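Here the structure is a predicted model, which means the values were calculated and not measured.
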Amino acid sequence: KGKMKDVNRFLSLGTYAIAGVSRDPKKFGQVMFRDLRKKGMDVVPVNPSAEMIDGVKCYSTVSDLPEDIRGVIFMTPKNETLSVARETIGHGIKDLWIQQGAETKETIAELEKEEINLIHNQCILMFWKPDGIHSFHRFLKKIFGGLPG
């Protein structure tokens, strides 16, 4: 499930990509991308069918990412997450954050066999400078359990 030290390691990487950012500004993937950028995250989008998203150069695959990208956040469709994650690992990126809704049990079981820092079942917005509703969710999780130990 990911311990707090794994989360902290991920949050300290400095440069990120989000795989599966939608071209639709109303979809959660793009809302999340804009929100993280607004809060100072150095993050680029990955989407095979977009050249720019919210004014930022978009990469068509994780293999195209520049070498300075250290971590990838997954917003990919469930049935694509495992192959994109394998491609990410093959590209030399070992820190993967699979957003809720992008994972299947099978995907997580496969990825747990890899020598990587894998975080899942957590929302990045609750950990990257949480505000408003996300800090409230985090507060509730702290009280009722569910935050990584």
Side-chain angles (χ1 to χ4, degrees), residues 1-135 137-138 141 146 148:
K1 195 159 182 161
K3 304 231 178 302
M4 204 60 215
K5 71 173 176 51
D6 301 331
V7 168
N8 288 335
R9 176 193 147 99
F10 192 92
L11 297 178
S12 70
L13 294 170
T15 52
Y16 306 90
I18 300 182
V21 177
S22 174
R23 288 180 300 176
D24 180 347
K26 292 185 184 70
K27 289 263 173 75
F28 182 60
Q30 192 180 136
V31 170
M32 186 178 90
F33 171 66
R34 288 197 312 264
D35 195 46
L36 291 170
R37 282 187 58 228
K38 201 170 70 199
K39 292 181 189 171
M41 181 183 270
D42 184 353
V43 62
V44 295
V46 178
N47 179 324
S49 45
E51 286 188 14
M52 301 278 280
I53 289 182
D54 198 37
V56 181
K57 175 179 166 45
C58 190
Y59 295 86
S60 31
T61 69
V62 287
S63 298
D64 296 328
L65 288 170
E67 275 179 20
D68 64 342
I69 299 292
R70 307 285 306 282
V72 175
I73 302 157
F74 289 80
M75 291 289 305
T76 40
K78 279 181 184 174
N79 59 340
E80 292 172 25
T81 300
L82 185 56
S83 64
V84 178
R86 287 209 170 112
E87 187 185 341
T88 302
I89 298 163
H91 189 56
I93 296 171
K94 304 285 188 216
D95 290 86
L96 284 68
W97 188 302
I98 316 268
Q99 273 291 117
Q100 291 132 314
E103 84 291 350
T104 63
K105 283 194 175 72
E106 297 74 33
T107 295
I108 299 305
E110 283 301 309
L111 292 176
E112 281 175 340
K113 298 174 189 165
E114 304 279 349
E115 292 290 310
I116 56 170
N117 180 26
L118 175 68
I119 299 155
H120 63 96
N121 208 28
Q122 298 293 341
C123 176
I124 186 88
L125 294 174
M126 284 178 59
F127 293 92
W128 185 271
K129 304 176 187 169
D131 58 14
I133 190 77
H134 287 95
S135 55
H137 278 169
R138 196 178 164 143
K141 267 190 135 172

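Counting non-hydrogen atoms of other residues, nucleotides and ligands closer than 6.0 Å to NZ of K78 gives a total of 12 or fewer.
Between G71 and L13, the shortest heavy-atom distance links the atoms CA-CD1, 3.8 Å. Nearest approach of A50 to C58, heavy atoms of both residues: O-CB, 3.5 Å. Summarising the geometry of Y59 relative to D64, their closest heavy-atom pair is CD2-O, 3.4 Å, with the distance given to 0.1 Å. Contact detail for T15 and I69: the closest heavy-atom pair is OG1-CA, 3.5 Å. When all heavy atoms are compared, the tightest approach of V56 to V43 is CG1-O, 4.4 Å. Taking each heavy atom of F74 and A102 in turn, the nearest pair found is O-CB, 3.6 Å.
Residues Q30 and I53 are in side-chain contact: their nearest non-hydrogen atoms beyond the backbone lie under 4.5 Å apart. The shortest distance between side-chain heavy atoms of E110 and R86 falls below 4.5 Å. The closest side-chain heavy-atom distance from F33 to M75 is not below 4.5 Å. For the pair I119 and I124, the minimum side-chain heavy-atom distance is 4.5 Å or more. Using a 4.5 Å heavy-atom threshold, the side chains of V46 and V72 count as separate. No side-chain heavy atom of D95 sits less than 4.5 Å from a side-chain heavy atom of Y16. A 4.5 Å side-chain heavy-atom check between D35 and W128 finds every atom pair outside the cut-off. Looking at heavy atoms from C-beta onward, I93 lies out of side-chain contact with V62 at the 4.5 angstrom threshold.
Counting only distance, with no hydrogens or angles, the side chain of N117 and the backbone of D6 share a donor-acceptor pair below 3.5 Å. Remark: the backbone N or O of S63 is paired with a side-chain donor or acceptor of E87 at under 3.5 angstrom. At distances below 3.5 Å, not a single donor-acceptor pair connects side-chain atoms of K27 with backbone N or O atoms of S22. R70 places no side-chain N or O within donor-acceptor distance of the main-chain N or O of G14, the cut-off being under 3.5 Å. Side-chain atoms of H120 never come within 3.5 Å of backbone atoms of E103 as a donor-acceptor pair (strictly under, hydrogens ignored). With hydrogens and angles ignored, the 3.5 Å screen pairs a side-chain donor or acceptor of R34 with a backbone N or O of P25.
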Applying side-chain contact (heavy atoms from CB on, under 4.5 Å) to V21 and D54, what does each step give before you reach the verdict?
CA-CA 10 Å; V21 177; D54 198 37; over 6 Å; no
| message | Under the criterion side-chain contact (heavy atoms from CB on, under 4.5 Å), I'd like the reasoning laid out for E106 against L82: C-alpha separation, chi angles, the key distance, then a yes or no. | response | CA-CA 9 Å; E106 297 74 33; L82 185 56; over 6 Å; no
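If you take OG1 on T88 and CG on L111, they are separated by 9.5 Å, rounding to the nearest 0.5 Å.
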